[in-house]
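Have a look at the structure below before the remarks.
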Amino acid sequence: MRRFSYSRPVDAPAAVALLARHANAKFLGGGTNLVDLMREQIETPAMLVDVSGMPVNQIETLANGGLSIGAAVRNTALATHPLVRQRYPVLSQAILCGASGQIRNMATVGGNLMQRTRCPYFYDRSANCNKRQPESGCDAIDGFNRMHAILGASPSCIATHPSDMCVALSALEATVHVHGPLGARAIPFDAFHRLPGSTPAVETDLRSDELITSVEIPSLDVASRSLYRKIRDRASYAFALVSVAAAVSVTDGAIVKARVALGGVAHKPWRAFEAERVLVGASPTANAFRQAAEAELTGARGYGHNDFKIELAKRTLVSVLSELTGTRGAQ
Ligand SMILES: Cc1cc2nc3c(=O)[nH]c(=O)nc-3n(C[C@H](O)[C@H](O)[C@H](O)COP(=O)(O)OP(=O)(O)OC[C@H]3O[C@@H](n4cnc5c(N)ncnc54)[C@H](O)[C@@H]3O)c2cc1C
């Protein structure tokens with residue numbers, strides 16, 4: 001690991017000012033991703049600005065009924081908060097599907113949003129990776145790509161976003177609040193993470209001098225009946241092959257609201273707008289769920305080892321929607 005300096009600012013403006021004053025500085029949350037990347041010399045910041053102890057560590061109900069979650073809130077604290085378990089169970093379930101108890105105790109909300117891909121070619125400094133080394137190529141495309149993207153990928157990058165929590169936040173239509181030298185701004189969750197295009201190293205809409213201060217979840221009645229399911233190679237301590245976060249409400253035999261997002265399938269948490277469009281107004285049947293899944297995965301493409309993910313994503317979506325609505329006869 002290279003030498004670096006370390007600082008603990010007292011608040012968000014101080015953190016942003018520190019970052020602006022030092023070339024090649026990075027924010028540090030729980031360190032569960034960044035420190036690994038520094039050990040591997042994939043990230044080599046000259047200074048760490050530790051934001052994990054800042055007073056943005058509260059979970060608060062807002063006047064509009066939504067929930068504000070400070071960026072320094074630890075993943076465990078968020079998953080176990082009574083309001084989250086009661087009003088947004090999908091979020092609690094998604095977090096508890098990720099990593100291990102020890103890692104969740106350390107990891108922060110801000111760091112979870114900004115964690116980097118688990119593509120093995122990104123971690124292997126002898127491999128070509130446009131994300132790590134722009135213009136070097138992508139060895140995953142013709143390589144071992146079992147974990148890789150089936151939606152929204154590009155000839156430059158087929159990596160996936162690894163977060164479980166972010167899949168739930170996508171379905172819940174969260175907003176990310178950030179603070180930078182030009183002041184504060186809010187970014188809708190679906191616009192926060194980017195598809196790779198020709199610049200896969202640019203992963204989010206967050207500018208390099210901006211700090212995430214909080215994430216806001218709107219008041220969503222539909223979310224109290226919500227579910228997260230993660231399909232993975234081991235029962236714990238493994239990243240998603242495919243995951244589904246969904247919330248559905250049914251009135252008089254018809255679906256009136258649906259919020260769906262997929263994980264493990266794209267460079268960003270994949271909000272399933274097409275599936276939602278098909279679901280709203282339909283009867284909650286296995287047939288309707290399959291049609292929604294087909295619509296969402298129409299543009300899906302495999303790269304050989306990961307072809308199975310297309311059918312797996314469809315079946316997982318059908319299964320989750322069936323469980324949420326108590327529908328029989330689905331696969
Ligand atoms: C063995 C292992 C297994 C794992 N399994 C899973 C899993 O199954 N599912 C899953 O979802 N995750 C998994 N993870 C990843 C884990 O969730 C992330 O490492 C964690 O969420 C990162 O949070 P952190 O606070 O430690 O971030 P850090 O490592 O401190 O930082 C990560 C990035 O976020 C930036 N950052 C931190 N805070 C802010 C902020 N407030 N504003 C702007 N930028 C910020 C940092 O500069 C850095 O670039 C696993 C990790 C490990 C090590």
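Counting starts at 1 for both ligands and their atoms, in listed order. Both backbone and side-chain heavy atoms feed into the values below; hydrogens, waters and symmetry mates do not. No experiment lies behind these values; they were computed from the predicted model shown.
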Between S226 and Y88: side-chain donor-acceptor atoms closer than 3.5 Å: no

Aromatic plane relationship, H193 with F189 - under 30° parallel, 30 to 60° tilted, over 60° perpendicular: perpendicular

For atom 24 (P) of ligand 1, grab the closest protein heavy atom and report residue, atom and distance to one decimal in Å. G30 N, 3.4 Å

How far is atom 11 (O) of ligand 1 from its nearest protein heavy atom, and which residue and atom name does that atom have? D164 N, 2.8 Å

Among protein heavy atoms, which sits nearest to atom 43 (C) of ligand 1, and what does the distance come to when rounded to 0.1 Å? I212 N, 3.7 Å

N or O contact, F27 vs ligand 1, cut-off under 3.5 Å: yes

Donor + acceptor pair across side chains of T204, R194 (<3.5 Å): no

Need the ligand 1 atom indices (1-based, order shown) with element for anything under 4.0 Å from a heavy-atom of S163. 11 (O)

A107, any N or O under 3.5 Å of ligand 1 N or O: no

No-hydrogen, no-angle side-chain donor-acceptor test under 3.5 Å, N105 and Q102: no

Hey, is ligand 1 close enough to I103 that some N/O pair sits below 3.5 Å? no

A99 N/O under 3.5 Å from ligand 1 N/O: yes

Are D164 and Y228 close enough that a side-chain donor and a side-chain acceptor fall under 3.5 Å? yes

Apply side chain to side chain donor-acceptor pair (under 3.5 Å) to S319 and R229, showing your working. CA-CA 9 Å; S319 170; R229 184 166 304 158; 2.4 Å; yes

Say whether R118, considering both its backbone and side-chain N or O atoms, lies within less than 3.5 Å of an N or O atom on ligand 1. no

Mind checking whether K230 has a heavy atom under 4.0 Å from ligand 1? yes

Would you mind listing which atoms of ligand 1 come within a distance below 4.0 Å of any non-hydrogen atom of K26? 47 (O), 49 (O)

Examine D36 against ligand 1 and note whether any of their N/O atoms are separated by less than 3.5 Å. no

Atom 15 (C) of ligand 1: nearest protein contact (heavy atom, Å): Q115 OE1, 3.2 Å

If the contact criterion is a heavy-atom separation under 4.0 Å, does A238 count as touching ligand 1? yes

Check whether the side chains of E210 and H179 place a donor and an acceptor atom closer than 3.5 Å, and report yes or no. no

Does a side-chain N-to-carboxylate-O contact under 4.0 Å join R146 and D233? yes

Heavy-atom count check: over 12 atoms from other residues, nucleotides or ligands less than 6.0 Å from Q41 CD? yes

Specify the protein heavy atom at minimum distance from atom 4 (C) of ligand 1: its residue, its atom name, and the distance to 0.1 Å. F239 CZ, 3.3 Å

Can you confirm whether R185 is buried at CZ, in the sense that more than 12 heavy atoms of other residues, nucleotides or ligands lie under 6.0 Å from that atom? yes

Just by distance, do the side chain of K309 and the backbone of H148 share a donor-acceptor pair under 3.5 Å? yes

Considering only non-hydrogen protein atoms, determine which one is nearest to atom 35 (C) of ligand 1 and report residue, atom name and distance to 0.1 Å. M114 CB, 3.6 Å

Using a strict cut-off of 4.0 Å, indicate which atoms of ligand 1 neighbour a heavy atom of G98. 7 (C), 8 (O), 9 (N)

For atom 28 (P) of ligand 1, the protein heavy atom that lies nearest, with its residue and separation: G31 N, 3.5 Å

Could you tell me whether the side chains of N287 and T285 share a donor-acceptor contact shorter than 3.5 Å? no

Counting from 1 in the order shown, the ligand 1 atoms closer than 4.0 Å to a non-hydrogen atom of T32 are 18 (C), 19 (O), 20 (C), 22 (C), 23 (O), 24 (P), 26 (O), 29 (O), 53 (C)

N/O to N/O below 3.5 Å, does that happen between Y237 and ligand 1? no

Side chain or backbone of S100 under 4.0 Å from ligand 1, or both, or neither, by non-hydrogen atoms? neither

Test item: S136 side-chain N/O and Q133 main-chain N/O as donor-acceptor pair under 3.5 Å: yes

Please compare G29, S208, G110 and report which has the shortest non-hydrogen distance to atom 39 (C) of ligand 1. G110

Measure from the side-chain N and O atoms of N145 to the backbone N and O of A140, and report whether any donor-acceptor pair falls under 3.5 Å. yes

Run the numbers for me: atoms of ligand 1, each under 4.0 Å from some heavy atom of N112, listed by number. 17 (O), 21 (O), 22 (C), 23 (O)

Judged by atom type as modelled, is there a donor-acceptor pair below 3.5 Å linking the side chain of R232 to the main-chain atoms of L241? no

Ligand 1 to L34 polar contact by distance, N or O atoms, under 3.5 Å: yes

closest protein heavy atom to atom 32 (C) of ligand 1 is G111 O, 3.8 Å

Would you check whether L28 has a nitrogen or oxygen atom less than 3.5 angstrom from a nitrogen or oxygen atom of ligand 1? no

Decide whether an N or O pair under 3.5 Å exists between N33 and ligand 1. yes

